[in-house]
Amino acid sequence: MGHRKGAGDDMNTLERGLAGRTAVVTGGAQGIGAAVVARLCAEGCRVLVLDKSAEHGRSAVKDWREHGHEVALAVGDVVDEDAVRAAFAGVPAGWPAPTLLVNLAAGFVFKGLDATPQDWQAALAPTIVGLSLVTREFVAALPPDAAGAAIVNMASISAHIAQSGYLTYNTGKSAVLGFTRCAAQELAPRGVRVNSVSPGTVWNANNERYHREALGLDRATAEAAPEHGGKFLLRRFADPEEIAAPIAFLLSAEAGFITGTDLPVDGGYLAV
Ligand SMILES: NC(=O)c1ccc[n+]([C@@H]2O[C@H](COP(=O)([O-])OP(=O)(O)OC[C@H]3O[C@@H](n4cnc5c(N)ncnc54)[C@H](O)[C@@H]3O)[C@@H](O)[C@H]2O)c1
């Protein structure tokens with residue numbers, strides 16, 4: 001006999017309110033974004049991934065589909081207005097209009113005051129202009145009754161602190177906080193909530209490579225070092241799934257009265 005639906009199941013579905021909805025995830029082909037896609041699929045969402053990496057996007061989407069999930073890929077750069085428009089126009093027929101958006105694509109440029117105009121462009125265009133273009137298109141494509149629609153933007157602990165050599169990156173991430181507050185105000189009349197998350201260091205492929213190649217450290221050694229994992233109260237890095245879970249919460253009906261704010265997901269880093 002299969003699983004029988006009980007009161008708890010209904011309550012769960014009712015409270016979270018994510019099942020059956022369409023989500024758009026930018027930067028969903030790898031890293032934290034891929035964990036977000038997997039989490040939303042597990043919540044019963046259909047997910048459109050907008051990512052500039054055709055290679056990683058195709059391989060991730062193939063894998064998710066083989067696991068029975070409904071995932072579509074739009075290959076494009078979030079700073080390309082036409083690509084963003086085409087991505088939303090390409091939501092597969094039969095899917096509901098997207099009412100969930102996770103903006104993760106960002107400019108990874110780490111420069112100080114020596115940054116050139118080109119550095120600033122590369123740092124801020126994806127993080128802010130791309131965020132704005134995708135959000136604008138998402139809002140334009142919302143159904144008339146957008147009840148329950150929600151957006152989560154990716155900030156960082158870097159949005160809250162000074163870090164040597166991070167001027168360009170931290171300026172972009174700080175701007176994500178301002179964007180989030182203003183977008184929350186603008187979209188509140190339609191019932192659309194907008195929040196951000198601020199993770200600490202997440203152990204993804206990039207960070208693994210950086211710690212191994214630049215510092216000669218594996219995860220356990222890096223986490224034990226006071227200047228790396230040791231700077232977090234929990235004395236470790238996060239797994240991507242630990243960022244995906246609070247993002248799913250902020251998108252869900254359980255966070256129905258939360259908007260215009262930032263949730264640190266940082267192992268206690270900002271607490272001290
Ligand atoms: N990894 C961390 O420790 C950490 C900590 C805090 C915040 N963040 C933020 O989380 C987000 C994801 O980071 P990650 O470490 O998982 O990165 P990642 O490099 O593993 O993945 C980023 C994905 O975004 C895509 N992408 C990048 N620029 C794009 C663009 N202009 N248009 C479309 N797609 C684009 C890439 O192709 C890639 O698939 C970023 O906003 C990052 O700033 C990461």
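Counting convention: from 1, in listed order, for ligands and their atoms alike.
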Ligand 1 atoms nearer than 4.0 angstrom to some heavy atom of Ser53 are 37 (O)
For ligand 1, indicate whether the residue [X] contacts it via side chain, backbone, both or neither (heavy-atom separation under 4.0 Å).
{"X": "Lys173", "result": "side chain"}
{"X": "Phe108", "result": "side chain"}
{"X": "Asn204", "result": "side chain"}
{"X": "Pro126", "result": "side chain"}

Quick one: CD on Glu254 to CZ on Arg16, what's the gap to the nearest 0.5 Å?
4.5 Å
To the nearest 0.5 Å, how far apart are CD1 in Ile247 and CG in Asn195?
11.0 Å
Is the closest heavy atom of [X] to ligand 1 under 4.0 Å?
{"X": "Thr26", "value": "no"}
{"X": "Pro240", "value": "no"}
{"X": "Asp51", "value": "yes"}
{"X": "Tyr169", "value": "yes"}

Closest non-hydrogen protein atom to atom 4 (C) of ligand 1, residue and atom name please, with distance?
Ile32 CD1, 3.9 Å
Is there a side-chain contact between Val176 and Asn103 in this structure, where contact means two heavy atoms from C-beta onward sitting under 4.5 Å apart?
no
Testing the 3.5 Å rule here: is there a donor-acceptor pair between the side chains of Gln30 and Asn204?
no
